Number of protein chains: 2
Amino acid sequence: MYSNELIKGTLKTIVLKLLSENGKMYGYEMTQKVKELTDGKIIITEGALYPLLHKLEADGLLITEKVPIGKRVRKYYSLTDQGSSSASEKIAEFLDYMKTMKFILQGDNGLALG
Amino acid sequence: MYSNELIKGTLKTIVLKLLSENGKMYGYEMTQKVKELTDGKIIITEGALYPLLHKLEADGLLITEKVPIGKRVRKYYSLTDQGSSSASEKIAEFLDYMKTMKFILQGDNGLALG
DNA sequence: TTTAAATACATAAGAAACTAATGTATTTTT
DNA sequence: AAAAATACATTAGTTTCTTATGTATTTAAA
């Protein structure tokens, strides 16, 4: 498990990527998917996820669809057009950012590597 | 310039890396160095940096040395032993985290790339 | 030469995003 | 029958950052 501060600020990008890949997902499903994809190294807590999903919906990036499963109602999220282009931007920006960070953290900036 | 949320949580790692490379640096110097290294894509504000430096010092990761430059006093920071091993850990963790994020963001997780 | 910009430190109010805890209810597994 | 997993949600408190402000010296420009 990574330290919490590392994951900060990346949650939005992860959610947008998941939805751009899978079309539609519900919250709990996202937490399980990320856990599975990362062998438990990234754990998305529900206390962080649900408020974010609500915000992204309020911002017009996501739309919801309620699907009854037995007596429960499952809430599926999917990207709007705006959310879709926002996803592309965020993902590209993050990949670019990783290049920059890699340069800082292991680039030949004067001394030997840490 | 990257969106702010992206940089969140990475400042500590950057500072520790800078000090592990350069031995000793003062705050303002760090802001300029990062700006230069990243072509202005990462801007460290003093409002974020100084409180962090104070905290790292309080936590025993950094020690300070005051050097008079003319009538001003410049405050140099360097790593303690604890800070040095903490730096190695943080940097390694971040590089690992980037691998994981890269896998999530562009890995072959079922659909075409975004 | 005086004005502006850069250097160099610092703090503080407020915002954003997350943690950890708690709550409800259903469904599945033991 | 009990426990665990599924599935939603909120909330108090913390951390960390932004934006603004403040002080003072030094260098560059007008």
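Below, read A as the first sequence line, B as the second, and so on, with proteins coming before strands; counting in each chain starts at 1. What you see is a predicted model, and the numbers here were worked out from it, not measured in a lab.
- If you take CG of B:Leu49 and P of C:dA8, they are 13 Å apart, rounded to a whole angstrom.
- OP1 or OP2 of D:dA24 has not a single side-chain nitrogen or oxygen of B:Arg72 nearer than 4.0 Å.
- Atom CZ of A:Arg74 and atom C1' of D:dA9 are 17 Å apart (whole Å).
- Here B:Lys41 does not pair with A:Glu93 in a salt bridge; the nearest charged N to carboxylate O distance is not below 4.0 Å.
- Each of B:Gln32 and A:Met1 was assigned the nucleotide of DNA chain C with the nearest heavy atom; the assignment lying further toward the 5' end belongs to B:Gln32.
- A:Thr10 and B:Tyr97 are linked by a side-chain donor-acceptor pair at a separation below 3.5 angstrom, with hydrogens and angles left out of the test.
- Between the CD atom of A:Glu29 and the P atom of D:dT6 there is a distance of 12 Å, given to the nearest Å.
- Residues A:Thr31 and A:Glu46 have side chains that never bring a donor and an acceptor to within less than 3.5 angstrom of each other.
- A:Leu11 comes within contact range of the sugar-phosphate backbone alone, with a heavy-atom separation under 4.0 Å but no base atom that close.
- Contact check, A:His54 against D:dT10: a side-chain N or O comes under 4.0 Å of OP1 or OP2.
- Side-chain atoms of A:Glu65 and A:Ser78 include no donor-acceptor pair closer than 3.5 Å.
- Side-chain nitrogen and oxygen atoms of B:Tyr50 include none within less than 4.0 Å of the OP1 or OP2 phosphate oxygen of C:dA10.
- What separates NZ of A:Lys71 from P of C:dT28 is a distance of 12 Å, to the nearest Å.
- At whole-Å resolution of the value, CG in B:Leu6 and P in C:dA16 are 18 Å apart.
- If you take CG of B:Leu53 and P of D:dC17, they are 12 Å apart, rounded to a whole angstrom.
- Whole-Å rounding puts the A:Met25 CE to D:dA7 C1' distance at 14 Å.
- Applying the 4.0 Å criterion to OP1 and OP2 of C:dC9, one finds that B:Lys66 has every side-chain N and O outside that range.
- Set against D:dA7, D:dT16, C:dC9, the side chain of B:Glu46 has C:dC9 as its closest nucleotide.
- Each of A:Lys8 and B:Ile69 was matched to the nucleotide of DNA chain D holding its nearest heavy atom; the match closer to the 5' end belongs to A:Lys8.
- When distances run from any side-chain atom of A:Thr45 to the nucleotides C:dT19, D:dT25, C:dT11, the shortest one goes to C:dT19.
- Note on A:Tyr28: every side-chain N or O is 4.0 Å or more away from OP1 and OP2 of D:dC8.
- Along DNA chain D, the nucleotide nearest to A:Lys75 and the one nearest to B:Ala48 differ in position, and the one closer to the 5' end is contacted by A:Lys75.
- DNA chain C is contacted by both A:Gly70 and B:Tyr77; B:Tyr77 maps to the nucleotide lying nearer its 5′ end (nearest heavy atom per residue).
- Distance A:Lys55 NZ to C:dA17 P: 6 Å, rounded to the nearest Å.
- A:Ile44 pairs in a side chain to side chain contact (heavy atoms under 4.5 Å, CB included) with only one of the listed residues (A:Ile7, A:Thr38, A:Leu52, A:Leu49), which is A:Leu49.
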